[in-house]
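Notes to accompany the following structure.
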Amino acid sequence: MYLLEIIPLAKIPLAQPQIFTYFSAKALAPGALVFIPLNRRKEKGLVLTCEPLEKKKMEIKKAGFELRNISGIISSQPVLTQEQIELALWLGQYYFASPGIFLKMALPKSVKSLKLKVKNYSSKFKVKGNQKLIIAPTIAWAENLVKNEKGAVLWHSGIPSKKSNEIRQKIRRGEIKTVIGTRSAVFLPFINLKKIVIEDETDPSHQSWDMWPHWHARRAAEKLAEIFQAELIFKNGPPSIESYFFNPRSFSNSKHQIDPKIIDLKEERKNGNFSLFSRELQKLIKEALANKKQSILFLNRRGAANFVFCQDCGEVLKCRNCSAPPAFHLLNGRPSLFCHHCGLKQAPPQVCPACQSWRLKNAGGGAQKAETELAKIYSEAKILRLDSDSAPTADQQEKIIESFLKKEADILIATPVFLSWQEKLSRAETELSALISAETIFHLPDFRAGEKAFRIIEALGALTKKHFLIQTYNPENQILEFAAKNRWEEFFKEELETRKILKYPPFSQLVKITFRHKNPQKAGQEAKILKLKLDRANKNPEVEISEALPAFISKEKGKYIWNIILKFPIADPKSRKIDREFLTARDSLLKFTPSNFEIDADPINLL
């Protein structure tokens with residue numbers, strides 16, 4: 001008889017053990033796959049260790065519980081490599097999630113479905129050369145890269161089971177040297193991976209935002225590079241603030257070559273133009289249509305653009321506690337300004353605090369409004385709109401892009417969705433690009449707002465061949481000045497100084513704890529109770545725990561949402577010291593979170 005330590009390939013509450021011990025009549029190699037009884041159900045489990053029963057008899061006698069036998073053997077040989085297992089275990093701890101979830105992501109489709117015989121992953125193959133992994137944010141991006149990379153193989157989660165199994169085996173035998181794929185490619189069975197390239201690391205598609213846990217390809221790639229001692233390269237587009245901090249590099253070859261013309265919307269209003277489009281922009285659109293050239297107009301469609309500003313002096317109202325722009329809400333039917341950083345709630349002022357003007361306005365206006373207004377002004381123009389309402393799936397978005405590339409439309413109204421299609425859009429003969437309202441990207445109530453704004457400006461500037469306009473109520477905005485003149489390093493350095501003071505990444509790790517409930521009182525009460533528990537359990541005065549606050553979008557799908565934000569300081573940020581010791585200390589606090597709360601490490605946003 002043998003004792004097996006096994007990780008169930010299932011989500012298990014983090015307060016419970018994640019590794020279980022079972023009896024087996026047969027010795028099984030680490031990485032073998034079995035069926036195990038788990039409570040009253042049968043689950044798949046991955047073997048971590050196997051030891052003869054004789055060595056553990058005394059421990060078993062002392063144990064206060066009865067061990068059970070495994071239910072069956074799926075594969076007595078490893079179905080994952082040791083490197084795959086190490087990556088999955090680390091991701092489980094990093095994202096405070098069951099490691100079995102990540103192990104399941106790494107399994108071949110044939111093993112998940114139990115349709116094909118499992119190949120032996122423990123066999124040692126002769127290394128025939130170095131392997132390279134290129135991670136693209138989207139399938140379309142990866143497909144285009146494969147065309148230009150000799151001998152490269154395409155990988156994404158939509159590849160049929162039989163073909164994906166063949167690819168895995170060839171990678172495991174060292175027959176495939178270059179893999180180009182989306183984020184799931186990090187779980188492939190490489191044996192001699194020596195270079196990892198991440199294309200446009202700031203693209204939101206690199207993060208699993210629609211499925212829990214919300215893991216990021218960059219974090220997985222960093223760990224994979226550490227496991228294989230591989231070189232990690234970030235390519236195309238500006239880096240994230242964190243990547244720049246760890247590896248400062250020049251932006252002299254930025255794709256943003258056309259200097260934008262800044263349009264002061266205050267002057268437009270003074271001269272009687274209350275349209276979304278300035279007179280200069282209307283003129284350039286008319287010229288582009290006459291020359292049969294195309295235009296791309298960007299609007300931040302999302303409701304997170306809500307803020308209050310003065311139409312006379314351009315002042316954006318700020319929270320007096322943390323200087324972030326509070327969001328405009330109707331709380332119980334009454335207008336309110338609510339800061340999602342510190343929780344300050346106040347009535348909107350009657351006049352501008354800077355110039356005493358009464359002409360305060362709640363920013364708004366999205367892609368649909370722009371489409372309607374353009375159609376009225378340019379009745380002859382063919383207009384396409386690219387947003388998650390008109391095209392919720394990648395296939396639908398690609399059809400819109402292809403239609404634009406075929407010149408079946410004159411104007412493309414773009415939203416943040418376009419960032420994942422930059423490479424394709426760069427092929428269009430775009431004579432004009434414009435940012436309709438800079439305020440909707442600069443003044444989002446989130447600490448990454450400036451960084452995201454830079455990315456949008458860089459992308460829009462890269463798409464146009466002739467004209468680039470930015471419309472704003474505040475042309476003196478310092479971030480806008482940096483971005484317009486390609487002064488990337490200055491912005492990044494200033495942003496890092498601000499983040500250091502406020503203890504934002506890379507100087508800390510952020511964790512967002514979220515509670516959802518259909519009863520608004522229950523949602524707030526449970527979140528506040530957890531806040532008190534965390535305060536009592538916290539032994540590190542450097543760890544910051546925010547108040548329990550309603551989310552920016554406080555109700556979704558019939559449930560009210562409350563968040564708690566934690567900042568865990570990193571003692572030596574330059575060393576990237578988010579190691580096992582750091583995570584163990586962090587988890588000693590997070591373990592007090594009930595299982596009906598969501599825990600999101602490195603959240604996409606804090607809203």
Side-chain angles (χ1 to χ4, degrees), residues 7 18 30-31 46 48 78 80-97 99-103 105-106 121 124 127 129-136 155 171-172 174 176-202 206-208 213-235 239-249 505-511 568-587 601-602:
I7 296 182
Q18 301 296 307
L46 193 89
L48 281 185
L80 298 176
T81 66
Q82 286 302 306
E83 291 83 4
Q84 288 174 293
I85 295 171
E86 184 179 350
L87 175 64
L89 294 180
W90 184 85
L91 287 172
Q93 185 174 19
Y94 186 90
Y95 287 103
F96 201 72
I101 295 174
F102 289 101
L103 288 168
M105 292 181 192
Y121 272 51
K124 299 295 181 182
V127 177
N130 295 340
Q131 292 173 311
K132 178 169 72 172
L133 169 62
I134 301 174
I135 305 172
W155 177 267
I171 292 172
R172 183 67 188 93
I176 291 176
K177 299 295 187 298
T178 302
V179 176
I180 300 176
T182 52
R183 62 177 180 268
S184 63
V186 300
F187 295 114
L188 290 171
F190 296 101
I191 57 170
N192 195 36
L193 184 62
K194 291 303 175 187
K195 181 179 285 189
I196 303 173
V197 178
I198 300 182
E199 293 278 339
D200 195 2
E201 61 154 324
T202 57
H206 279 304
Q207 186 150 18
S208 174
H214 303 308
W215 66 280
H216 199 290
R218 183 183 69 243
R219 283 294 184 196
E222 287 173 347
K223 184 61 179 179
L224 200 59
E226 178 187 314
I227 291 170
F228 281 99
Q229 295 296 294
E231 180 185 11
L232 180 61
I233 298 171
F234 298 103
K235 190 177 178 183
S240 65
I241 294 290
E242 291 94 323
S243 291
Y244 175 80
F245 175 73
F246 295 127
N247 182 25
R249 58 191 191 274
F507 304 99
S508 71
Q509 185 190 37
L510 298 180
V511 175
F568 294 91
I570 300 173
D572 182 15
K574 276 289 187 183
S575 67
R576 304 194 189 197
K577 275 294 181 183
I578 297 187
D579 54 15
R580 196 168 296 278
E581 183 181 352
F582 174 93
L583 295 173
T584 300
R586 181 203 67 178
D587 295 353
D602 299 347

| Residue among Leu224, Ile171, Thr81 satisfying side chain to side chain contact (heavy atoms under 4.5 Å, CB included) with Leu188 | Ile171

Heavy-atom pair with the smallest gap, counting every atom of [X] and [Y]:
X      : Y      : result
Leu193 : Phe228 : O-CB, 3.2 Å
Phe582 : Ile570 : CE1-CG1, 4.0 Å
Asp602 : Gln207 : O-NE2, 3.5 Å
Leu103 : Ala88  : CD2-CB, 3.5 Å
Pro99  : Leu89  : CB-CD2, 3.8 Å
Phe246 : Pro506 : CZ-CB, 4.3 Å

With heavy-atom distances below 4.5 Å as the criterion, would you say the side chains of [X] and [Y] are in contact?
X      : Y      : answer
Gln131 : Val179 : no
Gln93  : Phe102 : no
Ile578 : Arg219 : yes
Phe234 : Pro239 : no
Trp215 : Val186 : yes
Pro505 : Leu510 : yes

In Å, rounded to the nearest 0.5 Å, how long is the span from [atom1] of [X] to [atom2] of [Y]?
X      : Y      : atom1 : atom2 : answer
Glu83  : Phe187 : CD    : CZ    : 14.5 Å
Gln509 : Tyr94  : CD    : OH    : 4.5 Å
Lys195 : Ile233 : NZ    : CD1   : 4.5 Å
Ile176 : Leu133 : CD1   : CG    : 12.0 Å
Ile85  : Leu46  : CD1   : CG    : 5.0 Å
Ile134 : Glu199 : CD1   : CD    : 6.5 Å

| message | When you measure from the side chain of Asn192 to the backbone of Gly129, do you find a donor-acceptor pair of N or O atoms at a distance under 3.5 Å? | response |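 Judged by distance alone, yes, a pair lies under 3.5 Å.
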
| Residues in side chain to side chain donor-acceptor pair (under 3.5 Å) with Trp155, at least two apart? | Ser184

| said: Just to verify, what does Glu226 make a side chain to side chain donor-acceptor pair (under 3.5 Å) with, not counting sequence neighbours? | reply: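 Per chain and number, Glu226 pairs via side chain to side chain donor-acceptor pair (under 3.5 Å) with Lys223.
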
| salt bridge (charged side-chain N to carboxylate O under 4.0 Å, His left out) with Arg218: which residues, sequence neighbours excluded? |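 Residues passing salt bridge (charged side-chain N to carboxylate O under 4.0 Å, His left out) with Arg218: Glu201.
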
| message | The criterion is salt bridge (charged side-chain N to carboxylate O under 4.0 Å, His left out); which residues satisfy it with Lys177, sequence neighbours excluded? | response |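 For Lys177 there are no salt bridge (charged side-chain N to carboxylate O under 4.0 Å, His left out) partners, ignoring immediate neighbours.
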
| Does Pro569 have any side chain to side chain contact (heavy atoms under 4.5 Å, CB included) partners at least two apart in sequence or in another chain, and if so, which? | Glu542, Val543

| task | Please list, chain by chain and in numerical order, all residues satisfying side chain to side chain contact (heavy atoms under 4.5 Å, CB included) with Ala217, sequence neighbours excluded. | result | Ile135, Arg183, His206

